[in-house]
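One structure is given below, encoded as structure tokens.
Basis for what follows: all heavy atoms, side chains included, without hydrogens, waters or symmetry-related copies. As the structure lists them, so they are numbered: ligands from 1, and atoms in each ligand from 1.
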Amino acid sequence: MNILVIGGGGREHTIAWKIRQNPDVKNIYCIPGNAGIATIAECHNLNAGDFPTLAAFVEEKNIDFTIVGPEQPLVNGIVDFFRSRNYPIFGPNQEAAQMEGSKIFSKRLMAKYGIPTAAFAEFDDPAAAIGYLKSLPNQPIVVKADGLAAGKGSVVCKDTEGALTAVDEMMNQRIFDLAGSKIVIEECMTGEEVSLFILTDGSDYVALTPAQDFKRALDNDLGKNTGGMGSYSPTPFLTDELRRESIRKVVEPTLSALQSEGIDYTGVLYCGLMLTPNGPSVIEYNCRFGDPETQVVLPLLNSDLLEIAQAVERREVGKLKIDINPGHAASVVMASGGYPEKYETGKTITGLPENRDDLIVFHAGTKLIDDQIVTSGGRVLAVTALSRHNLKAATEKAYEALADIKFEDAHFRTDIARRAWHI
Ligand code: AMP
Ligand code: GLY
């Protein structure tokens with residue numbers, strides 16, 4: 001079989017690495033890929049947003065199945081486009097991808113079907129949003145751009161003044177372009193965050209191991225929000241009881257709500273949950289795998305990813321038996337100094353270890369120049385380690401390997417997974 005993976009980050013390296021384990025897979029192609037992916041797949045620097053170009057590529061390379069990593073092509077309708085040409089593809093169609101593509105869409109769905117989430121109000125007029133904020137007590141509040149904003153569209157504000165600034169930046173200054181023409185203002189929740197990955201064919205589903213990611217740039221959850229500086233799985237914060245409650249109150253009601261609305265959701269439904277004092281509550285849905293959660297969740301999946309993805313596409317998830325590794329995984333992101341703000345690229349990377357069963361360095365922003373691997377993005381590598389024993393051992397193994405990997409101005413957090421070690 002020939003497989004196409006769309007994307008070029010750590011998530012897509014992990015997907016390609018996992019697919020490579022299937023003996024029926026002949027060629028893996030990746031658009032655009034990176035230096036790590038290029039060791040296991042053929043990378044092509046094409047525009048993943050240009051669907052006709054992708055279709056020509058599928059024809060030329062005899063692609064049998066396509067897996068899409070990032071949200072943007074899904075929200076832009078890549079699945080509808082491929083299906084109209086009978087190209088098998090893993091992911092939700094454009095209508096279903098609105099679960100991530102529009103905060104207002106998903107909040108309305110949750111409100112209509114009684115799925116627990118933060119109380120909210122929606123606005124398309126800045127004056128109304130400002131009036132609403134001024135009518136509330138001065139307290140923490142969250143302002144979210146309705147549309148996709150590369151993971152930066154949610155601003156947790158500590159008071160009314162911060163929220164007014166966020167509204168002005170989104171609606172008047174349009175820092176997220178049209179994504180901020182409509183916004184959601186919602187209650188600020190507290191608790192541990194958990195990422196749940198549900199693979200569904202629209203009626204049946206399987207769940208992968210729950211993960212936690214670390215979004216802030218600096219230790220102790222300080223600094224700016226990033227795409228994610230590290231992750232681990234499974235998370236002890238989601239006890240068996242909370243897991244059952246999350247399935248009963250969020251996952252199953254969400255899937256039946258989608259069915260009731262006549263929305264055909266296939267692929268990954270990523271439920272971002274806050275474990276609040278009142279139980280699990282939805283922060284957001286995403287329509288794809290998380291990054292860097294994939295870097296820990298897929299190494300803990302013993303079952304074949306391609307078989308699962310094909311079962312989703314053929315609507316045979318009910319027949320699947322999923323085999324999960326009972327161990328622990330931790331992943332530490334090495335980023336370019338300055339990320340998530342301005343940073344330099346082109347730094348030579350040295351000291352990369354040979355990948356083993358329990359230690360894999362997934363590449364994100366890397367490229368090959370004259371036989372040298374150099375940095376080419378904000379997040380550069382995700383050093384992932386597994387342990388049969390406990391999370392502490394997995395984390396320490398990742399940090400030990402990371403200590404040998406060098407590039408100028410490398411930045412990483414030193415506390416990934418630590419607060420879960422002794423839960
Ligand atoms: P999102 O873009 O919805 O994933 O939000 C990004 C991050 O903002 C989340 O991972 C949370 O840390 C935080 N966040 C979003 N919504 C809320 C909320 N209602 N209460 C507290 N934190 C939130
Ligand atoms: N790690 C968060 C995300 O993938 O959106």
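A salt bridge links K397 with D358: the closest approach of a Lys/Arg side-chain nitrogen to an acidic carboxylate oxygen falls below 4.0 angstrom. By the 4.0 Å N-to-carboxylate-O rule, K321 lies too far from D323 to be salt-bridged with it. Using a cutoff of 4.0 Å between basic side-chain nitrogens and carboxylate oxygens, R315 and D264 are scored as salt-bridged. In summary, R108 and E122 engage in a salt bridge, as defined by a charged side-chain N under 4.0 Å from a carboxylate O. We find that K144 and E284 are not joined by a salt bridge, their nearest charged nitrogen and carboxylate oxygen being 4.0 Å or further apart. The pair E307-R314 does not count as a salt bridge, with every side-chain nitrogen at least 4.0 angstrom from each carboxylate oxygen. With salt bridges taken as basic N to acidic carboxylate O contacts below 4.0 Å, none links D146 and K107.
Remark: ligand 1 atoms within the under-4.0 Å shell around heavy atoms of V142 are 16 (N), 17 (C), 18 (C), 19 (N), 20 (N). Shown in contact with M274 at under 4.0 Å from a heavy atom are these atoms of ligand 1, numbered in order with element: 21 (C), 22 (N). Close contacts between ligand 1 and V156 involve ligand atoms 8 (O), 13 (C), 14 (N), 22 (N), 23 (C) [criterion: under 4.0 Å to a heavy atom]. Near N286, the atoms of ligand 2 lying under 4.0 angstrom from a non-hydrogen atom of the residue are 5 (O). Ligand-side atoms of ligand 1 in range of E284: 1 (P), 2 (O), 3 (O), 4 (O), range being under 4.0 angstrom from any heavy atom. For ligand 1 and E187, the ligand atoms under 4.0 Å from any heavy atom of the residue are 18 (C), 19 (N), 20 (N). Every atom of ligand 2 with a heavy atom of D213 under 4.0 Å away is listed here by number and element: 1 (N), 2 (C). Interface of A118 with ligand 1, defined as ligand atoms under 4.0 Å from a residue heavy atom, comprises 19 (N). Within the listing of ligand 2, atoms 1 (N), 2 (C), 3 (C), 4 (O), 5 (O) sit less than 4.0 angstrom from a heavy atom of Y270. Atoms of ligand 1 lying under 4.0 Å from at least one heavy atom of S154, given by number and element, are 1 (P), 2 (O), 3 (O), 5 (O), 6 (C). If you number the atoms of ligand 2 from 1 as listed, the ones under 4.0 Å from a heavy atom of G290 come out as 4 (O). Listed by atom number, the atoms of ligand 1 under 4.0 Å from K215 heavy atoms are 10 (O). Near E293, the atoms of ligand 2 lying under 4.0 angstrom from a non-hydrogen atom of the residue are 1 (N), 2 (C), 4 (O).
Residue-to-ligand polar distances place M189 within reach of ligand 1: an N/O pair is separated by less than 3.5 Å. Taking distance alone, with nitrogen or oxygen atoms compared against 3.5 Å, K215 stays at or beyond that limit from ligand 2. Taking distance alone, with nitrogen or oxygen atoms compared against 3.5 Å, D291 approaches ligand 2 more closely than that limit. For the pair E186 and ligand 1, the shortest N or O to N or O distance falls below 3.5 Å.
Residue contacts with ligand 1: K152 is excluded, as none of its non-hydrogen atoms falls under 4.0 Å. A heavy-atom separation below 4.0 Å is not found between G228 and ligand 2. Heavy atoms of G227 approach ligand 2 to within less than 4.0 angstrom.
Note: Y399 and F412 have tilted aromatic rings, judged against thresholds of 30 and 60 degrees for the angle between ring planes. The aromatic rings of H363 and H13 lie perpendicular to each other, with more than 60° between the two planes, well past the 30° mark. Taking the six-membered ring where tryptophan is involved, the planes of F57 and Y29 are perpendicular, since the angle between them exceeds 60° and thus also 30°. Y87 and F82 have perpendicular rings, their planes meeting at more than 60° on a 0 to 90° scale where under 30° would count as parallel.
Ranked by closest heavy atom to atom 5 (O) of ligand 2, the top entry among E71, Q295, E100, R288 is R288.
Looking only at protein heavy atoms, the nearest one to atom 11 (C) of ligand 1 is E193 OE2, 3.0 Å. With hydrogens left out, the protein atom closest to atom 15 (C) of ligand 1 is I283 CG2, 3.4 Å, a heavy atom.
Side chain to side chain, Y205 and E252 meet the donor-acceptor criterion of an N or O pair below 3.5 Å. For the residue pair Y113/E261, the side-chain donor-acceptor check at 3.5 Å is satisfied. A donor and an acceptor atom, one from each side chain of S233 and T209, are located under 3.5 Å apart.
Contacts between C188 and ligand 1, counted as non-hydrogen atom pairs separated by less than 4.0 Å, involve both the backbone and the side chain. If you look at R11 next to ligand 2, there are no close heavy atoms at all, none under 4.0 Å. When heavy-atom distances to ligand 1 are checked against a 4.0 Å cut-off, K144 comes that close only through its side chain, counted from C-beta outward.
In summary, of the residues considered (T53, N47, L54), a side-chain contact (heavy atoms from CB on, under 4.5 Å) with F51 occurs for L54 alone.
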